[in-house]
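Here's the structure we're looking at; comments come further down.
Worth saying up front: this structure is predicted, and the values here are computed from it rather than measured.
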Amino acid sequence: MKKNKTLLIVLVILLAVAAYFFATKNSNTLKTREGVLSDFAIEDTTTIDKIFIGNSTGENVTLTKGSGNDWIVDGKNKARPESISILMKTFARIAVKSPVSSAAFKNVVTSIATQSVKVEIYQGNDQPSKVYYVGESTQNHQGTYMLLEKAGVKSTEPFVMYIPGFYGYLTTRFYSNPLEWRDAAVFKYLAGEIKEIKVDYFKKPEESFTIKQNGLSTELYNNQTSQLVENFDSLTLKTYLSFFDKAYYEGVVLEMEQTKKDSIIASEPYFSIRVTDIFGKENKMVGYFIPNRNNPVSEDGTSYPYDLDRMYGYFNDELLVYIQYNMFDKYLLPKSYFNKK
């Protein structure tokens, strides 16, 4: 028994030594081959101040570092913080998994030359410090073919890249549609930052209302008459205001013809919510029912007319998105809900 245990320990040590020498030899080989660039990783990602991502169809996005930790999409809108975080972790941890096999080499080079996503990374200069050409995933989807360019010179060889400890491919992290990079926040206010909330229900206008704040005063108005509502519960109203600290849309409606989008926007909405902050800036979401496509039915067999999980939302008169009921139900209260009981 003791002899077997000793042999097992010796075997483990030998395997560890072999793995070390294999990794060292592989790394040194990559560094010394002429024209080969393999140092994809960026040690200090805090120095990155601009990223350009473009695909072979001409679609592209430029992400620039703004104030604090904010990033800006094409100089207009705030970027999704979680997507920026994933991108930075990718830059920091990306590593060479292996060279491209001889059998696949020609096809990989051709694919990267014609269909890759180009990722330019800037670190304080007008010229990118590194450029990734991101190709397809490997057959087992555990690696991604990529080629590196530095100082305007491309590597003579692509590599299979990966994130140690991550099982999957990296292509999907480098998307080039600006709409997908845009922050999905709709309402993000502290209650004291809100000047006015106007809620309209188009099929039940009698339940539409407006909340106005002026200093310590919070008032409720009837949208049909523009008159002050006298008998409202102030605690319920303030609780409602606190809901506006965090609301997001699910995603942008991308795979739809513009004519159909125009038709949705021109139809009668279910609701409209417009929030004005103390600086006069507005955010507006207009909601539209989505027809029941999957045809779920109630217990008595009655078919529901609309999708039970999500609606279309038209954000700030410019972006058609999907919104979920479980996120927006709390905002869609009738005026009568605030009456004193």
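Using a 4.5 Å cut-off between side-chain heavy atoms of Ile, Leu, Val, Met, Phe, Trp and Tyr, with links allowed through other members, L254 and V321 fall into the same hydrophobic cluster. If you chain together hydrophobic residues whose side chains sit under 4.5 Å apart, V286 and Y306 never meet in one group. Cluster membership for V186 and I264, using ILVMFWY side-chain heavy atoms within less than 4.5 angstrom, is not shared. Two different hydrophobic clusters hold L87 and Y122 under the rule that ILVMFWY side chains link at heavy-atom gaps under 4.5 Å. Y337 and F244 end up in the same hydrophobic cluster when Ile, Leu, Val, Met, Phe, Trp and Tyr side chains are linked at under 4.5 Å.
E82 CD: more than 12 foreign heavy atoms inside a 6.0 Å radius. Counted within 6.0 Å of CD on Q123, heavy atoms from surrounding residues, nucleotides or ligands total more than 12; the atom is thus considered enclosed. The neighbour count for K195 NZ, taken as heavy atoms of other residues, nucleotides or ligands under 6.0 Å away, does not exceed 12. Heavy-atom contacts from other residues, nucleotides or ligands closer than 6.0 Å to CD of E257 number 12 or fewer. Taking a 6.0 Å sphere around CG of N69, one finds it holds 12 or fewer heavy atoms contributed by other residues, nucleotides or ligands. More than 12 heavy atoms of other residues, nucleotides or ligands lie within 6.0 Å of CD in E318, so this atom counts as buried by the packing criterion. Atom NZ of K204 is surrounded by 12 or fewer heavy atoms from other residues, nucleotides or ligands within 6.0 Å.
Y167 belongs to no hydrophobic cluster, as no Ile, Leu, Val, Met, Phe, Trp or Tyr side chain comes under 4.5 Å of its own. Taking Ile, Leu, Val, Met, Phe, Trp and Tyr as members and joining any whose side-chain heavy atoms lie under 4.5 Å apart, directly or through other members, the hydrophobic cluster of V160 also contains V100, F105, V108, V109, I112, V131, Y133, Y145, L147.
Using a 4.0 Å cut-off between charged nitrogen and carboxylate oxygen, E120 and K118 count as a salt-bridge pair. Using a 4.0 Å cut-off between charged nitrogen and carboxylate oxygen, R310 and E250 count as a salt-bridge pair. One finds a salt bridge joining E268 and K203 here, because a Lys/Arg side-chain nitrogen approaches an Asp/Glu carboxylate oxygen to under 4.0 Å.
In this structure, the side chains of K284 and K198 stay at 4.5 Å or more apart for every pair of heavy atoms. Between K212 and L220 there is no side-chain heavy-atom pair separated by less than 4.5 Å. For the pair E282/R274, a side-chain contact is recorded, criterion being any heavy-atom separation below 4.5 Å from C-beta on. Residues F174 and T171 are not in side-chain contact: their nearest non-hydrogen atoms beyond the backbone lie 4.5 Å or more apart. Y288 is listed as a side-chain neighbour of S267, based on a closest heavy-atom distance under 4.5 Å. Under the 4.5 Å side-chain criterion, counting only non-hydrogen atoms from C-beta, I51 is in contact with F91. Looking at heavy atoms from C-beta onward, Y322 lies out of side-chain contact with D309 at the 4.5 angstrom threshold. With contacts defined as side-chain heavy-atom distances shorter than 4.5 Å, the pair I48/I42 qualifies.
The backbone N or O of T210 sits less than 3.5 Å from a side-chain atom of N223, completing a donor-acceptor pair. A distance-only check finds a donor-acceptor pair linking the side chain of T114 to the backbone of T110 [under 3.5 Å]. Side-chain N or O atoms of S116 include none that pairs as donor or acceptor with a backbone N or O of V134 at under 3.5 Å. Here the side chain of D49 pairs no donor or acceptor atom with the backbone of K65 at under 3.5 angstrom. Under a 3.5 Å cut-off, the side chain of D277 and the backbone N or O of K281 do form a donor-acceptor pair. A donor-acceptor contact shorter than 3.5 Å is absent between the side chain of S111 and the backbone of E136.
Here Y175 pairs with S83 under the side chain to side chain donor-acceptor pair (under 3.5 Å) rule; sequence neighbours left out. K154 meets the salt bridge (Lys or Arg N to Asp or Glu O under 4.0 Å) test with no other residue; sequence neighbours excluded. Here F209 pairs with Y240, F338 under the ring-ring contact (aromatic ring centres under 6.0 Å, His included) rule; sequence neighbours left out. Shown here are the side chain to side chain donor-acceptor pair (under 3.5 Å) partners of K150, two or more places apart in sequence or in another chain: D39. In this view, Y221 and E219 satisfy the side chain to side chain donor-acceptor pair (under 3.5 Å) rule, not counting sequence neighbours.
Atom CG of L63 and atom CD1 of I53 lie 5.5 Å apart (nearest 0.5 Å). The structure places CG of L179 at 8.5 Å from CD of E59, a figure rounded to the nearest 0.5 Å. In this structure, CE in M161 is found 10.0 Å from OG in S98, a value given to the nearest 0.5 Å. Distance check, rounded to the nearest 0.5 Å: CE of M285 to CE of M311 gives 9.0 Å. Between the CD atom in Q258 and the OG atom in S263 there is a gap of 11.5 Å [rounded to 0.5 Å]. Within the model, atoms CG of D233 and CG of L235 stand 5.5 Å from one another, a figure rounded to the nearest 0.5 Å.
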Could you tabulate the donor-acceptor pairs under 3.5 Å formed by side-chain atoms of residues 187-194, not counting sequence neighbours?
from: Y189; atom 1: OH; to: N283; atom 2: ND2; distance (Å): 3.0
from: E193; atom 1: OE1; to: L190; atom 2: N; distance (Å): 2.9

In residues 329-336, what donor-acceptor pairs under 3.5 Å come from side-chain atoms, sequence neighbours left out?
from: Y331; atom 1: OH; to: F243; atom 2: O; distance (Å): 2.7
from: S336; atom 1: OG; to: E207; atom 2: OE1; distance (Å): 3.2
from: S336; atom 1: OG; to: E207; atom 2: OE2; distance (Å): 3.1

Donor-acceptor pairs under 3.5 angstrom involving side-chain atoms of residues 71-80: please list them, not counting sequence neighbours.
from: D74; atom 1: OD1; to: T62; atom 2: N; distance (Å): 2.9
from: R80; atom 1: NE; to: E180; atom 2: O; distance (Å): 3.2
from: R80; atom 1: NE; to: R182; atom 2: O; distance (Å): 3.3

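Contact detail for F166 and Y169: the closest heavy-atom pair is CE2-O, 3.9 Å. Of all heavy-atom pairs between I211 and L241, the closest is CG2-CD2, 4.2 Å. A pairwise comparison of heavy atoms in T90 and I86 identifies OG1-O, 2.7 Å as the closest pair. Considering all non-hydrogen atoms of both residues, K238 and T218 come closest at CE-OG1, 4.4 Å. In this structure, D307 and Y325 approach most closely via the heavy-atom pair O-CE1, 3.3 Å. Contact detail for I94 and L170: the closest heavy-atom pair is CD1-CD1, 3.9 Å.
Screening residues 245-272 for ring-ring contact (aromatic ring centres under 6.0 Å, His included), with sequence neighbours left out, gives Y270-F289. Annotation: ring-ring contact (aromatic ring centres under 6.0 Å, His included) contacts involving residues 40-70, sequence neighbours excluded, comprise F40-Y132.
Counting only N and O atoms by type, the side chains of S176 and N60 include no donor and acceptor under 3.5 Å apart.
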Check: Checking side-chain contact (heavy atoms from CB on, under 4.5 Å) for the pair T45/T47: CA distance, chi angles, key distance, verdict?
Finding: CA-CA 5 Å; T45 57; T47 61; over 6 Å; no
